[in-house]
Structure formats: structure tokens, C-alpha cells
Undergrad: 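One structure follows; several queries about it will come next.
So that the names make sense, note that chain A is the first sequence line, chain B the second, and so on, each numbered from 1. Only this structure's heavy atoms are used, side chains among them; waters, hydrogens and symmetry mates stay out. None of the values given here were measured: they were computed from a predicted structure.
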2 protein chains.
Amino acid sequence: MYIQQLIDKGFPIKSVLKDSIIYEPGMKPRFVYFIKSGEIRMVTVSEEGKEFIQGVFKSGQYFGEPALLVNRPYLAFTIANKNSELIALGRDDFFKLLKSDSDFSMDLIKVLSNRLFYKSMMLEELANEKAEHRLETIINYLFTDLAKGDSLNVTRQDLADMTGLRVETVIRGVKLLADKGLILLHKGKIIKK
Amino acid sequence: MYIQQLIDKGFPIKSVLKDSIIYEPGMKPRFVYFIKSGEIRMVTVSEEGKEFIQGVFKSGQYFGEPALLVNRPYLAFTIANKNSELIALGRDDFFKLLKSDSDFSMDLIKVLSNRLFYKSMMLEELANEKAEHRLETIINYLFTDLAKGDSLNVTRQDLADMTGLRVETVIRGVKLLADKGLILLHKGKIIKK
DNA sequence: TCTTAAATATGATACAGATCATAATTATTC
DNA sequence: GAATAATTATGATCTGTATCATATTTAAGA
């Protein structure tokens, strides 16, 4: 955890309210954001207003580095899913941290690798697989770290926004997966088998 | 360029023939591959045998690190597009390089960030945008670094495999873009305007 | 230059999933 | 616990692109 170090060094904690936008596509990147508490979603929005969830970041994680590192305008929105506390680290401080702390740069490399893994997996799904397969893949991915009997706390709409499908298609697809015994449903909640 | 350093240090150069497979999905990652010459494509293949191009790597570039770094089996094939020369750097040597050479680790961070950018862009396209829009985006992306009048040397099939479309759809879509004056066509070649 | 292969082109049909409309269930708030 | 909002559910229709079939053009090899 690098957040505590940053707090100790006196970086200010910024509170953001649920649903507020931290940055938008087209903006020039100036900060990397560390999450002290709360949850942030990163989404791109099509011209017709449809959201695609590029990632969700939780307490202890950070976001916004790639744009800063390659010095290109953001392509996504980042929006607070809940009231959250962030520490915004400016470009120079971020590069300083990267250079001075090789553990941090190793951590960043692994974080970026993990995100690449997720995106490669989803690209294959969106490019080649149909609704049911996509849903099975994303649900299994979300199941990692959950125990049997645990339920996912994501809505059908969330799954739609992660898979490029529409809610109705997700609802029907999830039902098919349940019929096939791959998942359990209880009051609409998706439960790990 | 880190390849020369590796050659100087005595790492062996491995020749691979066009169309040969360097690694496959499911294999445990053991090396990072530096390309001395040639070209490698990274593809995932659907159950029905349809390829999706995750990336193309050229001379001077390297591939295979994310799987090694997060220690998960590969999800893609890497296949030589041409006869190529590679240097395979084992896990320990790779981590040693990362730790000892902060320029290299900075380079890796930027490389990973660039790949994330590309994948985020394509995810948005595949999730939300239809054929023509996808084609416009990928073609413009491939146009970067090209001058006006230059032509893309990718086939319609390549574009299909990068966008999750089928050849016929790409052919029709490219024609539409040409009709709208966004690109030029000469003997089927796509030319930057 | 002729031959063969690869890539591009074009039309017809099929189908998965989007879209639209509306209802039923579950969760939240007062 | 009733009222309201959010989420899940279900049917009917529409549509973009896949699929299939076949032809034409361009490139590569002999």
C-alpha cells in the first residue's frame, strides 16, 4: 500500500461524491489517483450514450497512470461509484516515486500486466464469442476470490456494460447459464456454485 | 534497444520460420522474447477457429512479459508472420534485468501503457460501435506514423481479425469509407488521404 | 507471359441480439 | 408496512452483420 506513505508525506486527501466525474475523455492527464476509500469506475461512452466499463478501481488501487505515462489525453470517464477519498499525485511526483521506489515500479508493472490480461480476455470475447459465452467468462472472472455460495453484487446492467450486451440479453443469458447448472440464482442474485 | 545488450551478453539467437508457433494458450510462461528481426503476431482463437489479432510485434520489440509477470498461463498464440530471429530471456534473467536497469523498467511501463491504450480503444469499439466505425478507428490508428499517399499493407482479412468482423463486412465497410472520402483506394490498397 | 494462387468484390439469405413495450419481482425509503 | 424506485423478467419485432455462393481483380511463381 502506497497510500499511507503519500498521506504521511502530506499529500492532501480529496473527497469526491458519488456519481461525480474525476476526469473525462479528451482532458490532458495531470494526475495519478490513489484511492483511499470508495470505488471508481472507468467507462467509455459511445456516441449513442452507451457505457462500456473499462475497469473498476477500489480502495488501495490507483488509476489514470497510462494516459499520464504515454502523455495522451484520457479516452475514458472516471466516475465515483460511491463517495470516495482520493489522493491526486501530480506528474512530477509520480515520476519521482517511480524512479525512487523500485518496489512501486514493480507493482505498477504487475498491475498493468493484470489489466492487460483482463482486456485481452475481454477482447477475445467481444470479437469472437456470443452472448452466453461472454457472460460465462465474465461471471467466472468475477467469481475468482469468491467462495461457493457467495453472490455477485453486480446488476444485469453492470454485466451488460462489461460485455457490450444489452440488459435484456444479459437477463436471458444468465437464465440459460442457470438452466445449465453453471450458476445458481436466488432472488435474481447470481450465486457461485 | 535492449537486444544488442543481450546479444553482447551472449544470449543465443533463435531462428523461427514463418508460420511457426512460439507459444500457445495454456502453456506456462518461461521466457520473454526479444525480436532481433522479423514479425510476430499474437492471436487468440475462438472455439470455431476464428482468429483475433491481439497485437503484432516487430523487430526491436518484445512480447510475452505480462503472462510471465503475473505468472499465469498464456492466453494467446504467438506465431511468426515472417522468418524471424528471437532472443528468449528466461524468467530469472528478465527479473534481474528489470531490477538492475531502471531505464528498461521505465520502458516496459510505457510499452504496457501503450498496449493498454490500444486495447481500451478496441474494447470500446467492439463493445459499442458498428462495423464502419470500427474500421474507421482501426484504419486511422494504423495510419499514425504514415504520410499522406502511403498505403496500408494489411489485407481485408487482417482488418477483420483486428476488429472481430468478417472479410465481406470489411470489404463493404472499407468501400463505404472510400465513398465518403475518408480514405483512398488504389487496386484495393487503402491509402492515407 | 502464362498459370496459379491470393485477395477483393457482390448478391442472397439467415440469425443473434438489439430494440420496444410492458409486466412482475425485489429493494429502498418514508 | 405501505409507497416508490430499481431491478429483473418476458414477448414481439427489427436490423446489422454473419454466412454461403460465386465472380472478378490483383499478385506471385514458373
Undergrad: Checking B/Arg166 side chain against B/Gln157 main chain: does a donor-acceptor pair fall under 3.5 Å?
TA: no
Undergrad: List the steps and the verdict of side-chain contact (heavy atoms from CB on, under 4.5 Å) for A/Val43 and A/Ile79.
TA: CA-CA 8 Å; A/Val43 296; A/Ile79 305 174; 4.0 Å; yes
Undergrad: I want to check one thing: is the phosphate of C/dT8, taken as OP1 and OP2, less than 4.0 Å away from some side-chain N or O of B/Arg156?
TA: yes
Undergrad: Nearest-Å distance, CD (A/Glu48) to C1' (D/dG16)?
TA: 13 Å
Undergrad: Under 3.5 Å, sequence neighbours excluded: what are the donor-acceptor pairs made by side chains of residues 109-121 of chain A?
TA:
from     : atom 1 : to       : atom 2 : distance (Å)
A/Ser113 : OG     : A/Ile109 : O      : 2.9
A/Asn114 : OD1    : B/Arg72  : NH2    : 2.6
A/Asn114 : ND2    : A/Lys110 : O      : 3.2
A/Arg115 : NH1    : A/Glu65  : OE1    : 3.3
A/Arg115 : NH1    : A/Glu65  : OE2    : 3.3
A/Arg115 : NH2    : A/Tyr62  : O      : 3.1
A/Arg115 : NH2    : A/Glu65  : OE2    : 2.7
A/Lys119 : NZ     : A/Gln54  : O      : 3.2
A/Lys119 : NZ     : A/Gln54  : OE1    : 2.8
A/Lys119 : NZ     : B/Ser120 : OG     : 3.3
A/Ser120 : OG     : A/Leu116 : O      : 2.8
A/Ser120 : OG     : B/Lys119 : NZ     : 3.4

Undergrad: Suppose clustering is done on Ile, Leu, Val, Met, Phe, Trp and Tyr with side-chain heavy atoms closer than 4.5 Å. Which residues sit in the same group as A/Phe63?
TA: A/Val16, A/Ile22, A/Tyr23, A/Met27, A/Phe31, A/Tyr33, A/Ile35, A/Ile40, A/Met42, A/Phe57, A/Tyr74, A/Leu86
Undergrad: Quick one: list whatever passes salt bridge (Lys or Arg N to Asp or Glu O under 4.0 Å) with B/Lys96, sequence neighbours left out.
TA: B/Asp93
Undergrad: Checking A/Asp8 now: which residues fulfil side chain to side chain donor-acceptor pair (under 3.5 Å) with it, not counting sequence neighbours?
TA: A/Gln4
Undergrad: At what angle, to 10 degrees, do the two end axes of the helix from C/dT1-D/dA30 to C/dC30-D/dG1 meet, given five pairs define each axis?
TA: 60°
Undergrad: Show which residues join A/Leu184 in its hydrophobic cluster (side-chain heavy-atom contacts under 4.5 Å, direct or indirect), or state none.
TA: A/Ile191
Undergrad: Can you check the B/Lys130 NZ to D/dA18 P distance for me, whole Å?
TA: 13 Å
Undergrad: Please list residues of residues 168-185 of chain B whose heavy atoms come under 4.0 Å from any atom in DNA chain C, ordered by number; otherwise none.
TA: B/Glu168, B/Ile171, B/Arg172, B/Lys175
Undergrad: Does A/Lys36 have any salt bridge (Lys or Arg N to Asp or Glu O under 4.0 Å) partners at least two apart in sequence or in another chain, and if so, which?
TA: A/Glu85
Undergrad: In residues 157-166 of chain A, what residues come within less than 4.0 Å of DNA chain C, judged by heavy atoms?
TA: A/Gly164, A/Leu165, A/Arg166
Undergrad: Looking at residues at least two apart in the chain, or sitting in another chain, which of them share a side-chain contact (heavy atoms from CB on, under 4.5 Å) with B/Arg91?
TA: B/Leu68, B/Asn71, B/Phe95
Undergrad: Just by modelled atom types, is the B/Phe143 backbone N or O under 3.5 Å from a matching donor or acceptor in the B/Lys192 side chain?
TA: yes
Undergrad: Among residues 186-193 of chain A, which contact DNA chain C at a heavy-atom distance under 4.0 Å?
TA: A/Lys187
Undergrad: With a 4.0 Å limit, can you tell me whether A/Arg134 has a side-chain N or O closer than that to the phosphate oxygens OP1/OP2 of C/dG17?
TA: no
Undergrad: In sequence, state the C-alpha distance, the side-chain angles, and the governing distance for A/Leu159 and A/Ile190, and then conclude on side-chain contact (heavy atoms from CB on, under 4.5 Å).
TA: CA-CA 11 Å; A/Leu159 292 175; A/Ile190 297 166; 3.7 Å; yes
Undergrad: Using salt bridge (Lys or Arg N to Asp or Glu O under 4.0 Å) as the criterion, list what pairs up with B/Glu39, not counting sequence neighbours.
TA: B/Lys58, B/Lys82
Undergrad: Could you check whether atom CG of A/Asp179 has more than 12 heavy atoms from other residues, nucleotides or ligands sitting under 6.0 Å from it?
TA: yes
